[in-house]
Student: 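Before we start, here is the structure in question, set down as structure tokens.
Note that ligands are numbered from 1 as they come in the structure, with each ligand's atoms numbered from 1 the same way.
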Amino acid sequence: MKGKVTVHREFSIGEVDKRIYGSFIEHLGRAVYGGIYEPGHPEADEAGFRKDVIGLVRELGVPIVRYPGGNFVSGYNWEDGIGRVDNRPVRQDLAWMTLEPNKMGTNEFVQWARRAGTDVMMAVNLGTRGPDAARNLVEYCNFPQGTAWSDRRRNHGFAAPHNIKLWCLGNEMDGPWQICHRTATEYGRIAAEAAKVMKWTDPSIELVACGSSNSRMPTFGSWESEVLDHVYDYADYVSLHLYFDNRDNDTPNFLGKSLEMDSFIKTVTGICDLAKARKRSKKTVHLSFDEWNVWFHSNDADKAIEKWTVAPPQLEDIYTMEDALVVGCMLITLLKNADRVKVACLAQLVNVIAPIMTETGGKAWRQSIFYPFMHASQYGRGTVLRCPVRVDAYDSREYTDIPYLETVAVHDEAGEALTIFAVNRNLTESLALEAGIHGFEGYRFIEHSTLHNPDLQAVNSAGKETVRPERAAPGTLDGGTLRATLPPASWNVIRLGKPRS
Ligand code: AHR
């Protein structure tokens with residue numbers, strides 16, 4: 001199979017906001033306890049943080065991490081997680097039917113994030129709580145000193161403010177499963193009032209309003225419209241969440257699912273712009289795709305988990321080769337929408353539907369999906385270029401016109417580097433890629449890495465990395481034409497650049 005692509009320096013979509021390579025840590029399963037925090041582990045530092053996990057988070061390249069939920073946040077009293085650890089209460093977490101010991105809270109997470117080289121995206125509870133608890137948390141975290149809450153932080157050992165710049169106004173408030181689920185009107189009103197007092201407390205913060213929990217929610221569209229009517233003047237972003245599955249074991253269809261992500265983004269963008277027009281506003285609301293991933297492998301195992309235990313192994317999906325391809329297509333989709341998607345969080349980071357897994361007391365290891373994310377974060381910085389593609393397409397059970405080649409290019413002008421990310425969705429044939437490279441005189445072929453495995457169900461484990469990238473046969477760049485071969489069912493990173501003298 002052949003695929004022709006045009007890459008032109010001037011076909012710019014927009015600049016990559018590095019926050020699209022965000023991730024997510026929720027108080028859920030073994031994400032916190034046994035994931036990032038395991039005192040007594042041979043790799044634990046003096047605060048109890050696993051250094052092996054921090055090393056992998058750094059390798060993955062995650063500039064921001066959303067915290068502390070997720071569904072958990074809608075029942076969370078943030079005050080339970082501050083002050084002396086031995087005085088903190090154990091609570092029932094009604095979101096996941098577990099016990100929350102509160103050994104880790106706001107300050108510990110900020111401390112962990114610093115060690116992991118990442119920023120914090122903080123969510124406030126707009127389920128059981130509201131504007132008062134939210135503005136107090138902003139004051140506790142961001143006000144320098146001289147108020148009750150900022151001085152409490154200082155007494156807790158943090159003299160300098162945490163300066164958390166990005167905040168979520170609740171989580172998935174459209175979902176009936178949410179603790180204190182709200183209608184769009186109820187949520188719109190409370191989110192607007194919370195937003196107002198949070199920004200009065202610290203005008204430098206940015207806020208994300210809850211959009212729909214996924215594009216198949218019965219209220220999708222009308223929810224965003226009504227919520228934006230209330231929060232437009234205060235919110236900077238609206239959230240999108242989406243998880244894909246292959247429960248039907250229909251791989252061609254599974255690989256087409258990123259088309260749904262693309263149309264979700266386009267629809268929410270349209271709704272934001274309609275709200276802008278209705279408000280006669282000069283401000284543009286952007287998108288925060290703050291939960292996305294593949295999630296289904298652990299669904300059955302989770303039904304058997306004993307309730308009211310601390311950190312049971314929930315949502316521990318073990319990812320396959322084909323999941324890595326879907327994650328790759330989703331990353332490309334985020335990049336193709338870089339003009340509007342400014343934040344995105346791979347959900348989640350450690351143990352819970354995560355690229356990084358740990359054994360309690362043992363090793364930390366990389367799942368298959370670790371690699372496309374790491375590549376995108378490492379090389380996908382700069383200007384995204386729209387790449388028109390000529391390639392055959394196929395129809396699947398749910399989608400039509402799925403191109404066999406999914407691709408995008410990112411130009412790092414300062415680093416004089418051009419990276420092409422590409423997924424070959426053809427399960428049986430390799431794809432001969434021919435790309436016209438325009439406006440990149442003096443660039444040379446540097447490297448082609450590929451992730452592929454003929455067994456699409458291949459997985460990694462603590463003992464063995466079966467799915468890992470390897471160097472492909474070198475491509476050529478002659479007279480402005482790049483030629484490379486993409487193996488069947490593969491994720492590819494082709495790097496061009498100016499030779500360094
Ligand atoms: O990421 C797991 C859960 O998925 C989150 O808690 C929730 O927001 C979503 O439904």
Student: Would you check whether Phe72 reaches within less than 4.0 Å of ligand 1, judged by its heavy atoms?
Tutor: no
Student: Does ligand 1 have a heavy atom under 4.0 Å from the side chain of Asn171, from its backbone, from both, or from neither?
Tutor: side chain
Student: Given Glu79, which partner from the list Arg129, Arg91, Arg88 fulfils the salt bridge (charged side-chain N to carboxylate O under 4.0 Å, His left out) test?
Tutor: Arg129
Student: Assess Arg66 against Phe24: is NZ or CZ under 6.0 Å from the centre of the six-membered ring, and within 45 degrees of the ring's axis?
Tutor: yes
Student: Which word best sums up how the rings of Phe264 and Phe220 line up, parallel for under 30°, tilted for 30 to 60°, or perpendicular for over 60°?
Tutor: perpendicular
Student: Asn492 side chain to Ala422 main-chain N or O, any donor-acceptor pair under 3.5 Å?
Tutor: yes
Student: Of the backbone atoms (N, CA, C, O) and the side-chain heavy atoms from C-beta on, which set of Trp96 has a member under 4.0 Å from an atom of ligand 1: side chain, backbone, both, or neither?
Tutor: side chain
Student: Quick test: of every protein heavy atom, which one is nearest to atom 1 (O) of ligand 1, and how far off is it to 0.1 Å?
Tutor: Tyr243 OH, 2.8 Å
Student: Which of the atoms in ligand 1, numbered in the order shown and given with their element, are less than 4.0 Å from a heavy-atom of Gly70?
Tutor: 5 (C), 6 (O), 8 (O)
Student: Please state which option from His27, Gln314, Glu291 has its nearest heavy atom closest to atom 9 (C) of ligand 1.
Tutor: Glu291
Student: Is it the case that Lys276 places NZ or CZ above or below the six-membered ring of Tyr232, under 6.0 angstrom from the centre and within 45 degrees of the axis?
Tutor: no
Student: For the ring pair Trp295 and Phe244, is the centre-to-centre distance below 6.0 Å?
Tutor: no
Student: Please identify which atoms of ligand 1 are closer than 4.0 Å to at least one heavy atom of Glu26.
Tutor: 5 (C), 6 (O)
Student: My understanding is that only one of Asp174, Asn171, Asn71 makes a side chain to side chain donor-acceptor pair (under 3.5 Å) with Ser213; could you say which?
Tutor: Asp174
Student: In this structure, does ligand 1 have an atom that sits under 4.0 Å from one of the heavy atoms of Asn293?
Tutor: no
Student: Evaluating non-hydrogen atoms only, which member of Glu172, Gln348, His241 is closest to atom 2 (C) of ligand 1?
Tutor: Gln348
Student: Provide the number and element of each atom of ligand 1 under 4.0 Å from a heavy atom of Ile353.
Tutor: 1 (O)
